[in-house]
Amino acid sequence: MKIQKYLIIAAALLVFSCNKGGQDVNPATDARVLFSQTGLVSGDKCQVTMQKWDRNLSGSTYTVTDEALLEGGDLQYNGLEGASFYAWYPAGASLTEGKLSVSVSADQKDSYRENDFRTAYATVKQATTKAVQLPFSHRLVELEISFRLVTATSVVLKGVKTSAEWDIFSNRISVPEQTVSDVELFNDQTCFRAIIPAQTISAGQELSFTSDNGEDFTYTFEEEYIMTEGKRFGLQITKKFDGSINLVCSPQMPWSGGIDPWI
């Protein structure tokens with residue numbers, strides 16, 4: 001009887017020691033990883049790459065559900081081993097030696113959201129039945145141009161760098177030297193928008209737009225403006241009564257969730 005009593009006490013202590021850390025450990029081999037996310041909407045497809053503690057990489061494509069979960073992929077880890085997870089939206093691009101090439105479209109007049117490159121990172125020390133949280137954040141710049149005293153029908157920013165590279169291990173975005181493009185912006189009926197890599201608008205760079213009466217205008221930047229990763233870069237353009245163009249810049253605004261009062 002004493003032996004049975006001690007065995008029961010030992011088993012209870014073992015259960016307590018396993019659970020006091022707050023994680024539901026899944027001891028099974030090749031347990032499927034569950035993911036939840038923030039920053040994406042239902043139907044979005046993202047790519048998740050897993051790095052196990054043996055440094056091996058494996059990837060899978062997931063779709064966001066109405067409940068903000070990720071489904072469709074099949075990443076698995078083993079027993080008490082954990083892993084690191086590197087995720088990006090949109091899905092499709094593949095890694096080369098831990099780096100991902102990102103390109104935005106020069107023609108964004110019909111749509112621009114698919115250029116919204118976002119990344120997320122998470123790490124867990126051991127396998128768990130709880131969903132791994134992936135908080136996605138914007139890694140490029142949202143360019144937003146509004147007009148006063150003139151109605152524009154099309155807008156083009158000239159001399160734009162449209163490619164970048166993400167190093168998943170350092171989590172840094174770099175914008176290499178490259179051939180530049182003219183980017184046509186999307187008209188959302190309140191302002192014009194585009195998504196481009198963080199960069200500097202140089203003095204002498206040009207912005208052109210067409211008004212609703214068919215007039216073409218070109219504005220030449222008189223000074224440089226720095227765009228910051230993950231921010232919204234706003235320009236307000238006013239056509240004065242004498243025909244000259246005035247520009248007001250707001251370079252460090254939060255990414256848009258609606259139209260700000262300054263527009």
Side-chain angles (χ1 to χ4, degrees), residues 33 35-40 44-62 64 70 73 75 77 82-106 108 112-125 132-144 157 159-181 183 193-202 205 224-234 249-257:
V33 190
F35 294 104
S36 63
Q37 63 79 40
T38 56
L40 303 181
D44 283 347
K45 293 184 182 298
C46 64
Q47 187 80 10
V48 182
T49 286
M50 177 177 67
Q51 183 182 42
K52 296 183 179 180
W53 298 113
D54 59 8
R55 310 298 290 179
N56 286 331
L57 294 172
S58 55
S60 199
T61 301
Y62 289 82
V64 180
L70 298 183
L75 291 179
Y77 46 16
S84 295
F85 303 95
Y86 308 89
W88 62 90
Y89 166 87
S94 58
L95 289 171
T96 302
E97 297 182 349
K99 295 182 179 180
L100 188 75
S101 294
V102 180
S103 294
V104 301
S105 174
Q108 301 187 27
Y112 78 107
R113 187 176 182 273
E114 60 269 22
N115 298 294
D116 184 9
F117 181 66
R118 308 188 194 191
T119 68
Y121 170 79
T123 185
V124 293
K125 293 183 179 180
V132 176
Q133 302 270 335
L134 291 174
F136 282 86
S137 58
H138 302 282
R139 301 305 302 271
L140 302 183
V141 172
E142 184 180 42
L143 174 63
E144 181 178 281
L157 179 61
V160 177
K161 296 178 180 178
T162 56
S163 297
E165 185 177 73
W166 177 47
D167 186 321
I168 68 169
F169 300 120
S170 68
N171 195 28
R172 292 181 178 176
I173 298 278
S174 60
V175 182
E177 290 300 320
Q178 57 190 277
T179 301
V180 297
S181 301
V183 172
R193 302 182 188 274
I195 294 175
I196 59 178
Q199 58 193 280
T200 298
I201 294 180
S202 303
Q205 201 165 331
E224 69 175 30
Y225 295 95
I226 298 175
M227 297 179 173
T228 303
E229 176 187 316
K231 296 293 185 179
R232 180 159 50 111
F233 184 91
C249 178
S250 300
Q252 292 280 348
M253 297 186 295
W255 199 278
S256 68

Is there a side chain to side chain contact (heavy atoms under 4.5 Å, CB included) between Phe85 and Val33? Walk through the geometry before answering.
CA-CA 10 Å; Phe85 303 95; Val33 190; 3.9 Å; yes

So Tyr225 and Cys249, do their side chains get closer than 4.5 Å, heavy atoms only?
yes

What's the shortest heavy-atom distance between Phe117 and Ile173, and which atoms?
CE2-CD1, 3.9 Å

Is the His138 ring parallel, tilted or perpendicular to the Trp255 ring (thresholds 30°, 60°)?
parallel

Considering only heavy atoms from C-beta outward, does the side chain of Ile201 approach that of Met227 to under 4.5 Å?
yes

Straight-line distance of Tyr121 OH to Ser137 OG, nearest 0.5 Å
13.5 Å

Quick one: does Asn115's side chain have a donor or acceptor within less than 3.5 Å of a partner on Ser105's backbone?
yes

Go through the steps for Val132 and Val124 under the test side chain to side chain contact (heavy atoms under 4.5 Å, CB included), then give the verdict.
CA-CA 8 Å; Val132 176; Val124 293; 4.1 Å; yes

Side chains of Val141 and Arg232: closer than 4.5 Å at any heavy-atom pair?
no

Apply side chain to side chain contact (heavy atoms under 4.5 Å, CB included) to Ser58 and Thr49, showing your working.
CA-CA 6 Å; Ser58 55; Thr49 286; over 6 Å; no

List for me each residue that meets side-chain hydrogen bond (donor to acceptor under 3.5 Å, both in side chains) alongside Ser163, sequence neighbours excluded, and say none if there are none.
Ser103

Where do Ile226 and Phe233 come nearest, in terms of heavy atoms and distance?
O-CE1, 3.8 Å

Side chains of Trp88 and Leu100, heavy atoms from C-beta outward: is any pair under 4.5 Å?
yes

I need the Glu144 CD to Arg193 CZ distance, nearest 0.5 Å.
4.0 Å

If you draw a 6.0 Å radius around CZ in Arg172, do more than 12 non-hydrogen atoms from other residues or ligands fall strictly inside?
no

Going by atom types alone, do Glu224 and Thr200 pair a side-chain donor with an acceptor below 3.5 Å?
no

Main-chain N/O of Thr162 paired with Gln178 side-chain donor or acceptor, under 3.5 Å:
yes

Indicate yes or no: at least one non-hydrogen side-chain atom of Gln37 is less than 4.5 angstrom from one of Val64.
yes

On a heavy-atom basis, the closest approach of Val175 and Ala164 is CG2-CB, 4.2 Å

Are Asp44 and Arg118 close enough for a salt bridge, meaning some N to O gap below 4.0 Å?
no

I'd like to check Leu140 versus Ile196 (side-chain heavy atoms, cut-off strictly below 4.5 Å). Are they in contact?
no

Would Glu177 and Lys161 pass as an ion pair if we require N to O under 4.0 Å?
yes

Here the pair of heavy atoms bringing Gln133 nearest to Pro135 is O-CD, 3.6 Å

Is it true that a side-chain atom of Gln108 and a backbone atom of Ile195 form a donor plus acceptor pair closer than 3.5 Å?
yes

Without swapping roles, check the side chain of Gln205 against the backbone of Gly159 for a donor-acceptor pair under 3.5 Å.
yes

Using the rule given for side-chain hydrogen bond (donor to acceptor under 3.5 Å, both in side chains), can you reason through Ser101 versus Glu165, listing the C-alpha separation, both sets of side-chain angles and the distance that settles it, and then say yes or no?
CA-CA 5 Å; Ser101 294; Glu165 185 177 73; 4.5 Å; no

Hey, are the side chains of Asn56 and Met50 touching, using non-hydrogen atoms and a 4.5 Å cut-off?
no

Shortest non-hydrogen contact from Lys45 toward Tyr89
O-CD1, 3.2 Å

Let me confirm one number: the OG-CG distance from Ser84 to Leu57, rounded to the nearest 0.5 Å.
10.0 Å

Step by step, would you call Phe169 with Lys99 a side chain to side chain contact (heavy atoms under 4.5 Å, CB included)?
CA-CA 8 Å; Phe169 300 120; Lys99 295 182 179 180; over 6 Å; no

Check Ile168 against Tyr86 and note the closest heavy-atom contact, atom names and distance.
O-CE2, 3.3 Å

Leu40 side chain near Cys46 side chain, heavy-atom distance below 4.5 Å
yes

Backbone N/O of Gly82 and side chain of Trp53: donor-acceptor pair under 3.5 Å:
yes

